[in-house]
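Working notes, beginning with the structure itself.
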Amino acid sequence: RAAPRELQRELHRESSARRMSADSRLRLFCLWLIVFQNSSLILVTSYSRTLVPAYLPSVAVFLSELMKLAAVISLLAYETPGGASEAIRQCVSLVRDTPHETAQFAVPALCYTLQNNLWYHALSNLDPVTAAVTSQLKVFTTAIASVVMLGRRVNTKQWGALTLLMGGMILMQLKDGADSGGDEEGEGGGADVVSSVPPRSVPQNTWHGALAMLGSTMLSAYARGVKS
């Protein structure tokens with residue numbers, strides 16, 4: 001009797017180890033996917049904002065929300081036996097039958113709309129590296145929102161890490177301001193050079209972009225607090 005029990009325990013341990021290994025691989029894949037998505041989003045958006053003529057950020061935000069809506073309805077239609085028509089009917093009935101709960105999402109929706117417009121404005125005035133670093137302000141603003149709005153506690157080490165993060169970003173903005181001044185002084189000899197690349201508008205106002213990114217992260221943190 002002892003031998004079968006030991007065998008069952010060994011098989012259980014092996015199956016648990018396989019499940020943990022699969023979960024670890026899935027988590028690692030999701031981590032790399034998020035890193036790739038965030039990096040590519042900043043690079044592509046920053047480049048697109050330098051092209052001339054420039055597109056309207058409000059149009060980009062509106063189209064992105066339409067794409068999200070289409071993706072959500074597609075996934076719901078995949079899980080619903082009635083298909084797309086039944087999925088749309090469920091969405092409409094949910095909004096109609098629960099108007100109070102639906103109205104509560106108006107505040108975070110407005111915050112996210114303003115945040116996305118500020119995001120495009122910030123990337124119009126920041127280079128991709130500065131934008132990637134400055135966007136990490138969301139860590140600091142989310143921590144402040146969780147303490148003020150949700151009553152969560154942040155220990156001393158976490159406050160120290162947030163302070164270092166803020167200090168590093170301030171130093172980076174000061175360095176970028178000094179470098180841009182030096183670049184302006186050194187210009188003048190290459191004005192007659194003809195290039196075949198599309199016309200571009202290079203970011204010039206780093207502090208303006210940094211303030212827009214700060215406002216974007218603050219709105220995002222507030223919207224998350226309201227939803228929580």
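Just so you know, these numbers use all the heavy atoms, side chains as well, and skip hydrogens, waters and symmetry mates. Quick caveat, the model's predicted, so the values are computed rather than measured. Positions are given from 1, in the same order as the sequence printed here.
- Atom-to-atom distance recorded for Leu63:CG and Ser58:OG is 9.5 Å, nearest 0.5 angstrom.
- A donor atom on one side chain and an acceptor atom on the other are not found under 3.5 Å apart for Ser146 and Arg152.
- For the atom pair Trp119 CH2 and Ser220 OG, the distance stands at 10.5 Å (nearest 0.5 Å).
- Side-chain contact between Gln90 and Leu76 is present, with at least one heavy-atom pair separated by less than 4.5 Å.
- No donor-acceptor distance shorter than 3.5 angstrom exists from the side chain of Ser216 to the backbone of Ala212, with no hydrogens or angles considered.
- In the hydrophobic clustering of ILVMFWY residues, with side-chain heavy atoms under 4.5 Å counting as a link, Ile73 and Val95 come out apart.
- Hydrophobic cluster membership is shared by Leu41 and Tyr120, with clusters built from Ile, Leu, Val, Met, Phe, Trp and Tyr side chains linked at under 4.5 angstrom.
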Identify every side-chain donor-acceptor pair in residues 98-110 under 3.5 Å, counting partners at least two apart or on other chains, and give the distances.
residue : atom : partner : partner atom : Å
Thr98   : OG1  : Leu94   : O            : 2.5
His100  : NE2  : Gln104  : NE2          : 3.2
Thr102  : OG1  : Thr98   : O            : 2.7

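- Here the side chain of Ser40 pairs a donor or acceptor atom with the backbone of Gln37 at under 3.5 angstrom.
- In this structure, CZ in Phe140 is found 10.0 Å from OG1 in Thr217, a value given to the nearest 0.5 Å.
- Between His121 and His208 there is a side-chain heavy-atom pair separated by less than 4.5 Å.
- Counting heavy atoms from C-beta outward, Ser135 and Met213 have side chains that approach closer than 4.5 Å.
- Side-chain contact of Ser48 with Tyr55: a donor-acceptor pair under 3.5 Å is present, judged by distance alone.
- Looking only at side-chain heavy atoms (C-beta outward), Asn38 and Ile42 stay at 4.5 Å or farther from each other.
- Follow the hydrophobic side-chain contacts under 4.5 Å out from Leu162 and you reach Met218 in the same cluster.
- With sequence neighbours excluded, no residue satisfies side chain to side chain donor-acceptor pair (under 3.5 Å) with Gln158.
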